[in-house]
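These notes concern the structure reproduced below.
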Amino acid sequence: MREQALQRLKEIFGYAEFRGQQADIIDQVATGGDALVLMPTGGGKSLCYQIPGLLREGLAVIVSPLIALMDDQVATLNELGLKAAALNSTLSEDDQRLIAGQMRRGELDFLYLAPERLLKPRTLQFLQTLDIALFAIDEAHCVSQWGHDFRPEYLQLGQLAEHFPQVPRMALTATADERTQQDISQRLKLENAPCFISGFDRPNIFYRIVPKDKPRQQLLGMLARHKGNAGIVYCLSRRKVDDIAQWLSGQGWPALPYHAGLPSELRATHQKRFLNEDGLIMVATIAFGMGIDKSNVRFVAHMDLPKSIEAYYQETGRAGRDGLPADAWMAYGLQDVLMLNQIMANSEGDERHKRIERHKLDAMLGLCEITSCRRQMLLDYFGETLPEPCGYCDNCVEPADTWDGSEAAKMALSSAYRSGQRYGVGHLVDILLGRDNEKIRSAGHQHLSTYGIGKHLSEQEWRSVFRQLIARGLAEIDLDGYGSLRLSESCRALLRGEETLALRKDATRTAALPSRSGEKAVIAEADKPLWEALRALRKKLAEAHGVPPYVIFPDSTLVDMLRQRPGNLQDMGLVSGIGSHKLERYGADFLQVLVGDAPAASGAEEASRDAQALAMAGMTAEQISRQLSMPVKQVYMQLAQAISIGKLALHQAIELPPGQLERIQDAFLNEAEEDLPGVRTVAKELEEPVEEGVLHCIRAALIHEIAGA
Ligand code: ADP
Ligand code: ZN
């Protein structure tokens with residue numbers, strides 16, 4: 001069985017080897033067993049049911065909660081040359097009948113549907129008349145009330161065990177916690193199924209968390225390393241989403257807003273654009289997420305603190321599904337904590353529930369202020385141990401400076417205590433700095449013994465002290481809605497001088513500048529033009545096929561193309577993610593972009609090759625000019641050069657309304673000279689103004705034609 005599985009992996013999917021536990025899982029299910037699969041996002045869950053689905057007789061049925069996800073999966077399988085369909089309510093009666101017919105005749109390999117659809121008595125009866133290869137229940141955590149995506153329909157899926165006792169069933173999820181896992185095996189009747197648990201680490205994600213200090217500028221600093229990349233910027237409120245999206249657009253970044261307050265068509269349009277276009281930034285509330293199957297999200301930025309580590313892990317997890325380097329970046333401040341506290345205080349739910357939420361927020365804060373490896377803490381939270389610091393987070397790459405904050409902490413805590421634990425951090429800082437204002441005077445706080453004792457630190461530094469005290473549970477913000485700071489039990493030892501406290505020094509503002517060590521760039525600067533050319537070609541093909549670009553090839557495949565630089569179709573077939581079907585369909589097109597010209601080239605020639613490659617990939621001269629930071633005129637000159645030697649077709653370089661091209665060609669040929677006239681001469685003769693560069697290209701094409709004639 002393993003041999004056959006590997007053969008399918010290479011031949012159809014174009015991958016060289018299985019990852020992690022894929023081979024074991026596939027073996028288990030392909031030989032008729034059940035399985036529970038917990039694997040992080042991007043780990044490669046789909047193959048775990050797709051390959052057994054191919055190896056076993058009959059139809060593989062996949063249950064999935066979201067129609068948008070299904071359509072993507074079906075498109076991906078179709079692109080691989082496999083027969084897949086989705087049954088859902090958006091289909092017409094006719095289409096549904098068509099699919100039913102295919103199923104009856106055994107012409108389908110894969111069928112995707114929503115649970116409510118599957119569980120209709122009619123559907124179940126129909127399926128019982130067919131050969132079923134397996135049932136795969138995707139996003140299986142939806143069965144758990146504990147999770148965030150609970151779907152009541154999922155509870156009924158346990159029935160499958162009775163209706164189809166002979167058919168292997170598997171449940172798959174990326175959710176980490178144990179409780180959900182128990183729910184899944186119990187509710188889906190998979191108690192006896194082996195459980196395949198992969199670690200939850202996402203090694204390609206770089207974690208960075210910075211204290212808020214002019215957050216918009218900080219965001220720009222982070223974005224500077226992500227020109228042309230797709231990413232998500234999460235904000236807490238709808239208003240902030242609108243503001244930030246608008247502001248980013250004003251700064252020249254292609255950004256779209258997404259939140260539950262927008263009309264649903266607009267939301268759908270924005271989501272669709274995000275999926276289909278390269279390099280868009282989605283500014284969103286957490287309403288955006290579930291159902292994002294885009295594999296090349298290069299960064300997730302949080303402009304506000306998420307309410308728990310689970311939420312943080314899930315939201316940042318949307319970056320880098322393709323396994324290429326991705327950034328999880330966050331700016332947070334105490335204001336966020338107040339805000340979340342307020343939301344929590346106003347939320348429904350009993351005290352116990354609120355207390356749990358509160359603990360979760362505390363843990364999140366702890367992650368923000370920790371001075372050791374972030375990944376270690378993150379994984380530890382999910383019960384997993386990373387023996388060594390990861391070397392791929394901000395704290396590992398630039399170890400935080402610490403200072404002995406014991407005295408400062410005592411001052412901070414005692415100002416809170418002496419003012420009656422009824423004031424927020426802003427006021428406490430005013431006390432420490434000895435500021436004179438209305439609030440201080442009306443409370444008589446200028447007489448406190450802590451008044452003005454903290455002048456050796458700046459306001460910024462005091463805020464940092466308070467933040468860290470809260471994050472370490474030495475003080476806590478009251479749920480009274482005013483953000484009053486109270487002392488915790490645990491601060492006693494510190495106050496009595498029995499313990500010391502090392503605090504982290506906040507990085508200074510310059511640290512928010514771009515291009516720091518640590519985060520890896522996916523594409524080397526020198527490869528950018530070719531990369532853009534490959535992306536442009538992919539986009540053109542995607543549009544022609546009516547699918548999102550990553551369905552044609554994921555970014556990881558384009559990256560591997562750049563790395564391997566195949567020079568012929570045979571080598572192209574060795575690129576990761578190019579199976580036989582895709583090789584046949586797209587191999588030649590991509591090869592053309594890659595091969596371009598002779599290998600050794602001077603700088604100028606190289607540039608002209610770049611321009612040519614980009615033109616071949618469907619870019620206009622204006623786009624190429626922007627891409628290569630080269631004047632449009634120069635782009636045209638280079639394209640003309642390529643045309644004159646037959647390396648580029650005229651229609652690939654310019655676009656003119658029908659008729660106009662002939663008029664211009666006539667103008668060139670009508671001159672009674674031996675040689676073709678220059679472009680200036682012709683430009684004067686034409687009635688309509690035409691860019692000189694365009695004339696150069698047309699002239700070059702004529703020269704090539706005449707030379708060849
Ligand atoms: P998940 O559903 O677990 O988030 P996917 O099934 O979407 O992950 O896989 C993530 C990416 O990894 C996809 O682009 C997929 O084609 C790729 N992939 C999966 N298995 C392998 C493998 N064995 N080798 C190389 N790439 C793989
Ligand atoms: Zn680390």
Side-chain angles (χ1 to χ4, degrees), residues 5-6 8-10 12-26 37-51 53 62 64 66 69-70 72-73 75-77 79-80 136-141 170 172-175 196 198-209 290-297 314 317-324 326 328 367 370-380 386-400 518-519 548-560 574-579 582:
L6 192 62
R8 299 290 194 287
L9 180 76
K10 290 183 174 159
I12 296 173
F13 296 90
Y15 296 131
E17 51 199 18
F18 286 113
R19 275 189 195 156
Q21 305 191 72
Q22 278 177 334
D24 294 336
I25 298 166
I26 290 167
V37 176
L38 280 78
M39 200 184 268
T41 306
K45 282 185 283 300
S46 320
L47 280 184
C48 295
Y49 58 79
Q50 285 166 350
I51 291 187
I62 299 110
S64 167
L66 289 158
L69 283 186
M70 291 183 207
D72 262 15
Q73 296 268 16
T76 304
L77 289 172
E79 283 294 329
L80 292 168
I137 301 171
D138 207 2
E139 314 285 347
H141 59 277
M170 59 196 305
L172 308 103
T173 177
T175 301
F196 296 86
S198 314
F200 281 87
D201 188 17
R202 300 287 314 278
N204 58 319
I205 297 184
F206 187 98
Y207 297 98
R208 181 181 291 284
I209 302 180
M290 178 80 169
I292 302 307
D293 205 15
K294 190 178 172 76
S295 63
N296 61 344
V297 174
Q314 224 207 1
R318 296 188 179 121
R321 288 185 68 137
D322 52 14
L324 297 171
L367 179 65
I370 193 178
T371 51
S372 57
C373 176
R374 305 237 194 242
R375 194 179 313 269
Q376 273 182 321
M377 170 162 179
L378 197 58
L379 292 176
D380 184 62
L386 190 67
E388 297 286 328
C390 75
Y392 198 55
C393 71
D394 53 354
N395 285 344
C396 280
V397 172
E398 308 140 14
E519 299 99 319
Y550 54 86
V551 166
I552 302 284
F553 282 133
D555 277 11
S556 50
T557 296
L558 298 190
V559 168
D560 203 41
L574 299 177
V575 169
S576 168
I578 304 192
K582 285 194 176 179

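Heavy-atom basis, side chains included; hydrogens, waters and symmetry copies ignored. Start at 1 and go down the list; that is how both ligands and their atoms are numbered.
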Side-chain donor/acceptor of D560 to backbone N/O of S576, under 3.5 Å: yes
Polar contacts were defined as any N/O atom of the residue lying under 3.5 Å from an N/O atom of the ligand; does this apply to M39 and ligand 1? no
Do D322 and ligand 1 have an N or O pair less than 3.5 Å apart? no
So which heavy atom in the protein is nearest atom 20 (N) of ligand 1, and how far is it from that ligand atom? Q22 NE2, 3.0 Å
At under 4.0 Å between heavy atoms, which part of P40 makes contact with ligand 1: side chain, backbone, both or neither? backbone
Taking both backbone and side-chain atoms of S556, is any N or O found less than 3.5 Å from an N or O belonging to ligand 1? no
Hey, does S576 sit under 4.0 Å from ligand 1 if you only count heavy atoms? no
Contact atoms of ligand 1, heavy-atom distance to E17 under 4.0 Å: 22 (C), 23 (N), 24 (N)
Near T41 (heavy-atom distance under 4.0 Å), the atoms of ligand 1 are 4 (O)
Shortest protein contact, atom 17 (C) of ligand 1 (heavy atom only): Y15 OH, 3.7 Å
What angle, to the nearest 10°, do the atoms SG (C390) and SG (C393) form about the Zn ion (ligand 2)? 110°
Taking atom 26 (N) of ligand 1 as the reference point, the nearest protein heavy atom with its distance: R19 NH2, 3.2 Å
Before signing off on this row, confirm whether G42 and ligand 1 have an N or O atom pair separated by under 3.5 Å. yes
Apply side-chain contact (heavy atoms from CB on, under 4.5 Å) to the pair F18 and D24, showing each step before the final yes or no. CA-CA 9 Å; F18 286 113; D24 294 336; over 6 Å; no
Nearest 0.5 angstrom please: I51 CD1 to I12 CD1, how far? 7.5 Å
CD-OH distance between Q73 and Y49, expressed to the nearest 0.5 angstrom: 4.0 Å
Within this structure, what is the CG-CD distance for the pair L367 and Q376, rounded to the nearest 0.5 Å? 12.0 Å
Closest approach of I25 and M170, non-hydrogen atoms and distance? CG2-CE, 3.9 Å
Among all protein heavy atoms, pick the one closest to atom 9 (O) of ligand 1 and tell me residue, atom and distance. G44 CA, 3.5 Å
Salt-bridge present (D394, R374; N to O < 4.0 Å): yes
For ligand 1, note which part of F18 has a heavy atom under 4.0 Å away: side chain, backbone, both or neither. backbone
When every non-hydrogen atom of R19 is compared with those of G43, the smallest separation belongs to NH1-O, 3.9 Å
Taking the minimum heavy-atom distance to atom 5 (P) of ligand 1, which of S46, C48, G317, S198 ranks first? S46
For L47, the ligand 1 atoms with a heavy-atom partner under 4.0 Å come out as 19 (C), 20 (N), 21 (C)
Return the minimal non-hydrogen interatomic distance between M39 and C48, and the atom names on each side. CE-SG, 4.0 Å
Pull out every atom of ligand 1 sitting under 4.0 Å from any heavy atom of R321, numbered as shown with elements. 1 (P), 2 (O), 4 (O), 7 (O), 8 (O), 10 (C), 11 (C)
Kindly give the heavy-atom pair with the smallest separation between G317 and T41, and that separation in Å. O-CG2, 3.7 Å
Where I552 and K582 come nearest, the two heavy atoms and their spacing: O-NZ, 2.8 Å
